[in-house]
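Here the structure comes first, spelled out in structure tokens, and everything after it is commentary.
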Amino acid sequence: MSLLSRPTSVSRRKNKAEMKKALPWATGRSYALFSLSFYFIIIIMLMDITVAQRNTTTAITNPPEARILNSIFQRWEISATNQWNISGELCSGAAIDSTSIQEFNPAIKCDCSNRTACHITGLRVYALDVMGEIPDELWSLTFLDDLNLGQNFLTGTLSASIGNLTRMKWLTFGINALSGEIPKELGLLTNLLSLSLGTNNFSGPLPPELGNLTKLTQIYFDSAGITGPIPLTFAKLQNLEQVWTSDNGFTGRIPDFIGNNWSKLTILRFEGNAFEGPIPASFSNLTSLTDLRISDLSNGSSSFDFLRNMKSLSKLVLRNNKISGSIPSNIGEYQSLSLLDLSFNNLTGRIPDAVFNLSSLTHLFLGDNKLTGALPAQKTLSLQTINLVGNNFTTEQIEQSGSRFAIKCGGPQITSTNQILYERDNETLGPATYFMTSTGRWAVSNAGLHSDRPNQSFTSFSSSQFTNTLDSELFQTARISAGSLRYYGLGLENGNYTVNLQFAESEILNPPTWRSVGRRVFDI
């Protein structure tokens, strides 16, 4: 029986009797007034519930925003999944429930708290190979606080109208083909927590206005094409926790303010830029760092003094920084270290025994220095990868064994159309291993660890048929190295030699796809 059903006369008389018994002071008139009031309250409550339900169920996507999103999706030739856009309503299903925007793609998230209109607050179009310039309409979705357009083939420049998205917190354009200078209007997005522009074709310096983004905790600018010095205004970014800016054209000295102001840093990556040394002494203040990677500094000699307070480091990469002197005698205090790479510097002296006894160390790279003396007598079981190539340790002499050979890198033995025998080179190599052929004529060594890759593979295979060659199979296998790949001719006769290296592109695909985004740099 519903709350508003009229009771029978028998029940009504019984209810009156009970009411009078319970309320001996109540008259018939007062009881009638009380009864009407009770029904009135119930009706009002039901009306409120009905209105709330109607407002919830009839809330629709803001019409201008719906038109914009439909236009963008049509231009990009993509469509909504069956998890949202139910019955033609964009803000429905996973777009408004508790499902994370990371769990479906393409994806939107909506805020329907206004009841009568839902606003699009999140947009994810990730790794779908959408191509072309970013539509200008996108910058009119001003309720967006999460935008991820990573791993596509977006071209053109970032519009100054990006400054309209002042609610933005998470912004990702990484791995595209965007070009031009980074717009200064990005500095208007003062709610930004994370900014990713890596692996694009931008040019020019970072705009000083980005120093206004004081809430930033994460910056991902690696391989973005940025040049010039880091702006002094970045000293204001005191909430930064992760900074990835490797493989750019940053110039000048690494700013002192990083050590003085970015005290919350846990990850800092400055590999493969054009910075000048030395590494600032102020870095000793970065005591929360767990991952520090700096490489390829020009000019100026650095020392290890800045490391003295970084006892929380798990990964330390300081390759090719003109660091001189000996390995710190207190290296044994860095018990969290799992990766230590000090290769291609000017280190001298002996390797401390403590290096080989660090309990967490799994990968050690000290190659291409000037280290001398005997190696420590023992190491921990956890230390599985060691590279000491290119130091001044004594080596055995090898007898002369020939003057000519050919190698099939990463693959089995093969004879080319011009009858050259390419010896097999398909022995499995790790991050610091070598292989010497049974003939004793040549050897190969690999040193280096792929950054943050769970699959540490050091060979590649492609079934593609390569052009401009009669020996396509020669190029279908290759060796991959994250640091240094070396081939040695052993026991060669004295004299001048001609070395022929043959290359083919097997990793970077033809556009338009995000897999075509990249550039090839030869350092032989």
Side-chain angles (χ1 to χ4, degrees), residues 61-62 64-65 68-69 72 90-91 95-96 98-103 106-114 117-126 134-150 154 157-174 176 178 181-198 200 202 205-222 224 226 230-245 257-258 261-268:
T61 311
N62 176 272
E65 295 179 29
I68 290 172
L69 188 69
I72 292 173
L90 296 177
C91 292
I96 58 175
S98 59
T99 305
S100 168
I101 197 171
Q102 304 298 326
E103 296 181 25
I108 68 169
K109 296 299 286 187
C110 300
D111 178 6
C112 297
S113 60
N114 191 26
C118 299
H119 293 287
I120 299 173
T121 59
L123 173 59
R124 180 174 187 253
V125 180
Y126 176 75
I134 299 175
D136 286 336
E137 303 100 300
L138 180 63
W139 315 124
S140 296
L141 295 178
T142 57
F143 282 83
L144 282 175
D145 62 25
D146 187 347
L147 176 61
N148 185 347
L149 302 181
L154 297 173
T157 62
L158 281 180
S159 169
S161 298
I162 197 173
N164 297 337
L165 307 183
T166 55
R167 291 180 172 86
M168 190 62 64
K169 295 180 181 179
W170 312 92
L171 186 58
T172 300
F173 294 109
N176 276 284
L178 296 169
E181 294 192 354
I182 296 172
K184 65 180 181 180
E185 287 77 10
L186 268 175
L188 298 174
L189 311 187
T190 54
N191 287 307
L192 266 184
L193 301 176
S194 177
L195 177 59
S196 175
L197 302 174
N200 275 285
F202 294 114
L206 289 171
E209 288 80 2
L210 296 189
N212 296 326
L213 308 180
T214 56
K215 294 182 181 179
L216 271 178
T217 61
Q218 302 171 5
I219 286 178
Y220 303 102
F221 289 169
D222 42 314
I226 303 167
I230 294 179
L232 294 177
T233 56
F234 275 43
K236 296 185 292 183
L237 305 181
Q238 299 185 20
N239 287 306
L240 283 174
E241 297 174 5
Q242 298 189 32
V243 175
W244 298 34
T245 59
F257 65 69
I258 293 178
N261 294 27
W262 295 4
S263 59
K264 297 181 181 180
L265 276 182
T266 59
I267 298 176
L268 177 61

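This one's a predicted model, so the numbers in the text were calculated from it and none came from an experiment.
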Can you find a heavy atom in the side chain of Asp145 that is under 4.5 Å from one in the side chain of Asn191?
-> no
Write down the atom of Pro231, the atom of Leu206, and the distance for their closest heavy-atom approach.
-> CG-O, 3.4 Å
Report the residue from Leu171, Thr172, Leu141 that forms a side chain to side chain contact (heavy atoms under 4.5 Å, CB included) with Leu147.
-> Leu171
Smallest heavy-atom separation, Asn212 atom then Thr190 atom, equals O-CG2, 3.9 Å
For the residue pair Phe234 and Trp262, categorise the inter-ring angle as parallel (less than 30°), tilted (30 to 60°) or perpendicular (more than 60°).
-> tilted
Sub-3.5 Å donor-acceptor pair from the side chain of Lys109 to the main-chain atoms of Arg124, do we have one?
-> no
Step by step, work out the side-chain contact (heavy atoms from CB on, under 4.5 Å) result for Leu210 and Leu216.
-> CA-CA 10 Å; Leu210 296 189; Leu216 271 178; over 6 Å; no
Heavy-atom closest pair (Thr61 atom, Cys91 atom, distance to 0.1 Å) is OG1-N, 3.0 Å
Hey, mind stepping through Asn200 and Leu154 against side-chain contact (heavy atoms from CB on, under 4.5 Å) and telling me if it holds?
-> CA-CA 9 Å; Asn200 275 285; Leu154 297 173; over 6 Å; no
Check whether more than 12 heavy atoms from other residues, nucleotides or ligands sit under 6.0 Å from atom OH of Tyr126, and answer yes or no.
-> no
Between the main-chain N or O of Leu193 and the side-chain N or O of Thr217, is there a donor-acceptor pair closer than 3.5 Å?
-> yes
Find the distance between OH (Tyr220) and CD1 (Ile267) and round it off to the nearest 0.5 Å.
-> 7.0 Å
Working to the nearest 0.5 Å, report the span between CH2 of Trp170 and CG of Leu192.
-> 10.0 Å
Spatial distance of atom CD1 (Ile120) from atom CG (Leu90) [nearest 0.5 Å] | 6.0 Å
Contacts table for residues 158-169: side-chain donor-acceptor under 3.5 angstrom, sequence neighbours left out:
from	atom 1	to	atom 2	distance (Å)
Ser159	OG	Ser161	N	3.0
Ser159	OG	Ser161	OG	3.4
Asn164	ND2	Ser161	O	3.3
Arg167	NH1	Thr142	O	3.0

So, for Ser194 and Gln218, which heavy atoms are closest and what is the spacing to 0.1 Å?
-> OG-OE1, 3.2 Å
How long is the gap from CD on Gln242 to OG1 on Thr266, to the nearest 0.5 Å?
-> 5.0 Å
Distance-only donor-acceptor check, side chains Lys215 and Asn239, under 3.5 Å = no
Roughly how far, to the nearest 0.5 Å, is CZ of Phe143 from OG1 of Thr121?
-> 10.0 Å
Do the side-chain sulfurs (SG) of Cys118 and Cys112 come closer than 2.5 Å?
-> yes
So Ile219 and Leu237, side-chain contact (heavy atoms from CB on, under 4.5 Å) or not? Walk me through it.
-> CA-CA 10 Å; Ile219 286 178; Leu237 305 181; 4.2 Å; yes
So which heavy atom on Leu138 is nearest to which on Ile68, and how close?
-> N-CG2, 4.4 Å
Donor-acceptor contact below 3.5 Å, side chain Asp111 vs main chain Ser113 = yes
Are Leu240 and Leu265 close enough, and set up right, to give a side-chain contact (heavy atoms from CB on, under 4.5 Å), and what steps lead you there?
-> CA-CA 6 Å; Leu240 283 174; Leu265 276 182; 4.2 Å; yes
Could you tell me whether the side chain of Phe202 reaches within less than 4.5 Å of the side chain of Leu178, counting heavy atoms only?
-> yes
Rounding to 0.5 Å, atoms CD (Glu65) and CG (Leu123) come to a distance of 11.5 Å
Quick one: closest heavy-atom pair of Gln238 and Lys264, and the distance?
-> O-CD, 3.7 Å
Does Gly122 offer a backbone N or O that forms a donor-acceptor pair with the side chain of Asp146 under 3.5 Å?
-> no
